There are 2 protein chains.
Amino acid sequence: MVRLSKKVEYGLIALRHMAARPAGEIVTAKEVADRYGIPYELLAKVLQRLGKEGMIASHQGVRGGYSLARDPREIPVSAIIHAIEGTVPVIAQCLSDGPDSCDVFNLCTIKSPLTKVQANIERAFHSMTLSEIV
Amino acid sequence: MVRLSKKVEYGLIALRHMAARPAGEIVTAKEVADRYGIPYELLAKVLQRLGKEGMIASHQGVRGGYSLARDPREIPVSAIIHAIEGTVPVIAQCLSDGPDSCDVFNLCTIKSPLTKVQANIERAFHSMTLSEIV
DNA sequence: CCAAAGTCGGACTGAAATAGTCGTATATCG
DNA sequence: CGATATACGACTATTTCAGTCCGACTTTGG
C-alpha cells in the first residue's frame, strides 16, 4: 500500500482549518476535533508535534490554543508529512538508510530505478503548499 | 508512511529477473528465491498472483515454472503493483471507495486537493515500465 | 504406473506499525 | 483559587504485513 497515516490526514485537516481563517487567530485542539469528528487525544498529539517543529505556534493556558506560524504559501505538504512522521517517506525498504537497509537487498536489482520514482513522488508532495489545499 | 510492500518488491525483483533473460525462458520460484534470498513460500504466492493476472505464464509439472507473458516495454510498474496488491494504492483513506471511505471524512476538507497528488504519484508509477528497470 | 519437481491455494502464526486511550503535570487567565 | 488549555509519556487495542505450514493438483521422465 501507498498511504498516508491518519495522523498526517488529521494534521492536514487541522492546518487547513487554521489556514482558512484570519491569520493569527487561535484555534483549540478540541474545537478542531469536534468539528471534524477526530479523536481529541490523537489530534492533540499531532498538534503538539507540529508545534515542536515550528509549523504552528502554541499558546498555553485558558485562552490558549494554536495558530499558524507561517504563511500557508510557504508550507509544502511534504514539510507537514515530515514534521508529523519524523522520517522521510521512502518508497521501498532497499532505499532507506541505516541498519535496516539492504540486508537481503545487496542483490537488489531494483534500487536505482526506484529512486527515480521516489524523486517523482517527493516532488508531488513538495510542489503543493498548504495554501493550495482549499 | 508511504512505502511499497515487500510483496511488490519481491515481485519487481522476480519480474526483472525474467525480463533480463531470453524471452520465453522458464524460471522457477525456487530459483529466484535462492538467487535473491527471498522467502520461497512468499515469493511463490506473489508469482501465483502475477500469473492469475496474466502478467506471467505459469507452467505446471516437473519442468515447470514461470515465463514472462508480455513485452517488458508494455508492463508499467503501476500494473505490477496493482496485480500484486489487488487494490489500487490510495494515498489517503478519504479517497478510497467502498464502505471504509468517508465516515469521519464527510467533513473532510482535504479530499479534492489530495486527488491531485494521487494523480501525480500514479503517473510516476505508470510512466516507468519493466524494461526500464535495469 | 509411479515418483520427483513443479505450481496452486488456503489457513495459520508472529511481529510490527498504527490508532487510540489514560493519567498527570504545567501554564495562563480571570 | 479554579477553570481551561497545552505537554507528554505510558499503556492498550487493532490492523496490517511478513512469513510459515500443509495438503492438493499437474506434468515429465523412467
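It should be emphasised that the depicted structure is a prediction, and the values quoted were computed from it without experimental measurement.
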Residue whose closest nucleotide on DNA chain C lies nearer the 5' end, Pro39(A) versus Gln48(B): Gln48(B)

Separation of atom CD1 in Ile38(A) from atom C1' in dG20(C), rounded to whole Å: 13 Å

Residue among Lys116(A), Glu122(A), Arg123(A), Gln118(A) satisfying side chain to side chain donor-acceptor pair (under 3.5 Å) with Asn120(A): Arg123(A)

Protein-nucleotide distance (Leu42(B), atom CG; dC12(C), atom C1'), rounded to Å: 14 Å

Which atom of Ala83(B) lies closest to which atom of Met55(B), heavy atoms considered: CB-SD, 4.2 Å

Minimal non-hydrogen separation, Gly65(B) against Ile26(B), with atom names: CA-CG2, 3.6 Å

Distance in angstrom units between Lys7(A) NZ and dA19(C) C1', rounded: 8 Å

Main-chain N/O of Leu50(B) paired to Glu53(B) side chain as donor or acceptor, under 3.5 Å: no

Protein-nucleotide distance (Ile26(B), atom CD1; dT7(C), atom P), rounded to Å: 10 Å

Separation between CZ of Arg35(A) and CD1 of Ile13(A), rounded to the nearest 0.5 Å: 10.5 Å

Atom-pair distance (NZ on Lys52(B); P on dT7(C)), nearest Å: 16 Å

Contact under 4.0 Å: Tyr66(A) side-chain N or O vs dA7(D) OP1/OP2: yes

Between dT6(D) (P) and Arg49(A) (CZ): distance, integer Å: 18 Å

Length of the CD1-C1' vector between Ile84(A) and dA17(C), whole Å: 17 Å

Sugar-phosphate only, base, or nothing, as touched by Ala29(A) at under 4.0 Å among non-hydrogen atoms: sugar-phosphate

Axis-to-axis angle between the two ends of the helix from dC1(C)-dG30(D) to dG30(C)-dC1(D) (five base pairs per end, rounded to 10 degrees): 10°

Closest contact, heavy atoms only, Tyr66(A) versus Ser58(A): CE2-CB, 3.6 Å

N or O in side chain of Tyr10(B) less than 4.0 angstrom from dC17(D) OP1/OP2: no

Base versus backbone protein contacts along nucleotides 21-30 of chain D [heavy-atom cut-off under 4.0 Å; B, S, -]: BB---BBB--

Interatomic distance, Tyr40(B) OH vs dG9(C) P [rounded to whole Å]: 13 Å

Ile84(B): which of Leu47(B), Leu12(B), Val46(B), Leu4(B) passes side chain to side chain contact (heavy atoms under 4.5 Å, CB included): Val46(B)

Ser58(A) side chain near dA7(D) phosphate (N/O to OP1/OP2, under 4.0 Å): yes

Exercise: do Ser67(A) and Glu25(A) side chains pair donor with acceptor under 3.5 Å: no

Considering all heavy atoms, the nearest Ser131(A)-Arg73(A) contact: OG-CG, 3.3 Å

